[in-house]
Amino acid sequence: MVAPEFSRPERIDTIGERARRVAIEATPDERAALAQRFGLAALDALSADFEVRREAAGITATGQVRGAVTQHCVVTGDPVPAAIDEMVALRFVPEDQLGAGEEIEIEGDALDTIGYAGGAIDLGEAAAETFALALDPFPRSPAAAQVLRDAGVLSEEEAAQANSPFAALKGLGTVRR
């Protein structure tokens, strides 16, 4: 198994019931590798602050993931800068306790569950995955709307109006009495 680009293992035997703060930050090489993995133009910053503690149900890690990124506009390809500031609440459990294939009912305040093997959890990979999930899946530059209009693509509002049952009546003009 290949190690993730941004790996920050925390040994299980160093995590107790009392919360401990762990701050991590990706190096320039790690950010470049993550930018390639996630198809980004650039990843200028990635850091996370966690509080980790052992609980009966596993190891919890709560905190904040922050980053500065440049994505490609899905319409024009232009660079689109963005900042990520995402809360994170995770529970790490041994992989053999994940219950593969089992359907789980998730409550609104439930922690995301991540499996681990061996004697450590990887806070770096957890931060990278949290960061990736927070990215805009369809980033658009300011020029995107005009490019789409020029190509004849309707906005959501225009499409809704065009599909309205009253759209056919627009071309009839006014009725004179």
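Neither V93 nor V88 shares a network with the other; the hydrophobic side chains, linked directly or stepwise wherever heavy atoms of I, L, V, M, F, W or Y lie under 4.5 Å apart, form separate groups for each. Note: the hydrophobic cluster containing F92 also contains I24 (ILVMFWY, side chain heavy atoms under 4.5 Å, direct or indirect links). When hydrophobic clusters are built by joining Ile, Leu, Val, Met, Phe, Trp and Tyr residues whose side-chain heavy atoms come closer than 4.5 Å, directly or via intermediates, V65 is grouped together with L135. Under the 4.5 Å side-chain heavy-atom criterion for grouping Ile, Leu, Val, Met, Phe, Trp and Tyr, V80 is not connected to I84 through any hydrophobic cluster.
Counting only heavy atoms from C-beta outward, the side chains of D112 and T130 never approach each other to under 4.5 Å. Residues V69 and F131 are in side-chain contact: their nearest non-hydrogen atoms beyond the backbone lie under 4.5 Å apart. Looking at L133 and E86, their side chains never come closer than 4.5 Å, going by heavy atoms from C-beta outward. Considering only heavy atoms from C-beta on, E10 comes within 4.5 Å of R20 through its side chain. Here the side chains of R21 and D49 are in contact, with some heavy-atom distance below 4.5 Å.
Here the side chain of R8 pairs no donor or acceptor atom with the backbone of L123 at under 3.5 angstrom. With R31 contributing its side chain and L43 its backbone, the two residues share a donor-acceptor pair below 3.5 Å. Here the side chain of R54 pairs a donor or acceptor atom with the backbone of I12 at under 3.5 angstrom. The closest donor-acceptor contact from the side chain of E30 to the backbone of T27 lies under 3.5 Å. T76 places no side-chain N or O within 3.5 Å of a backbone atom of C73 that could act as its donor or acceptor partner.
Every side chain to side chain donor-acceptor pair (under 3.5 Å) that D85 has, sequence neighbours left out, goes to Q64. By the salt bridge (charged side-chain N to carboxylate O under 4.0 Å, His left out) test, D136 pairs with no residue at all, sequence neighbours left out.
Applying the side-chain hydrogen bond (donor to acceptor under 3.5 Å, both in side chains) test to residues at least two apart or on different chains, the pairs with a partner in residues 113-125 are S7-D122, R37-E125.
Between D78 and A143, the shortest heavy-atom distance links the atoms OD2-CB, 4.2 Å. The nearest pair of heavy atoms linking A19 to E51 is CB-OE1, 3.7 Å. Across F50 and A127, no two heavy atoms sit closer than the pair CZ-CB, 4.2 Å. The nearest pair of heavy atoms linking A117 to E95 is CB-OE1, 3.8 Å.
To the nearest 0.5 Å, atom CG of residue D29 and atom CD of residue E5 are 12.0 Å apart. Rounding to the nearest 0.5 Å gives a distance of 5.0 Å between CD1 of I59 and CD1 of I121. Distance check: I114 CD1 to R91 CZ gives 11.5 Å after rounding to the nearest 0.5 Å. Note that CG of L46 is 8.5 Å distant from CD of E25, once rounded to the nearest 0.5 Å.
For E17, the CD atom sits in a loose shell: 12 or fewer heavy atoms of surrounding residues, nucleotides or ligands are nearer than 6.0 Å. Applying the 6.0 Å contact sphere to CZ of R66 captures more than 12 heavy atoms from other residues, nucleotides or ligands.
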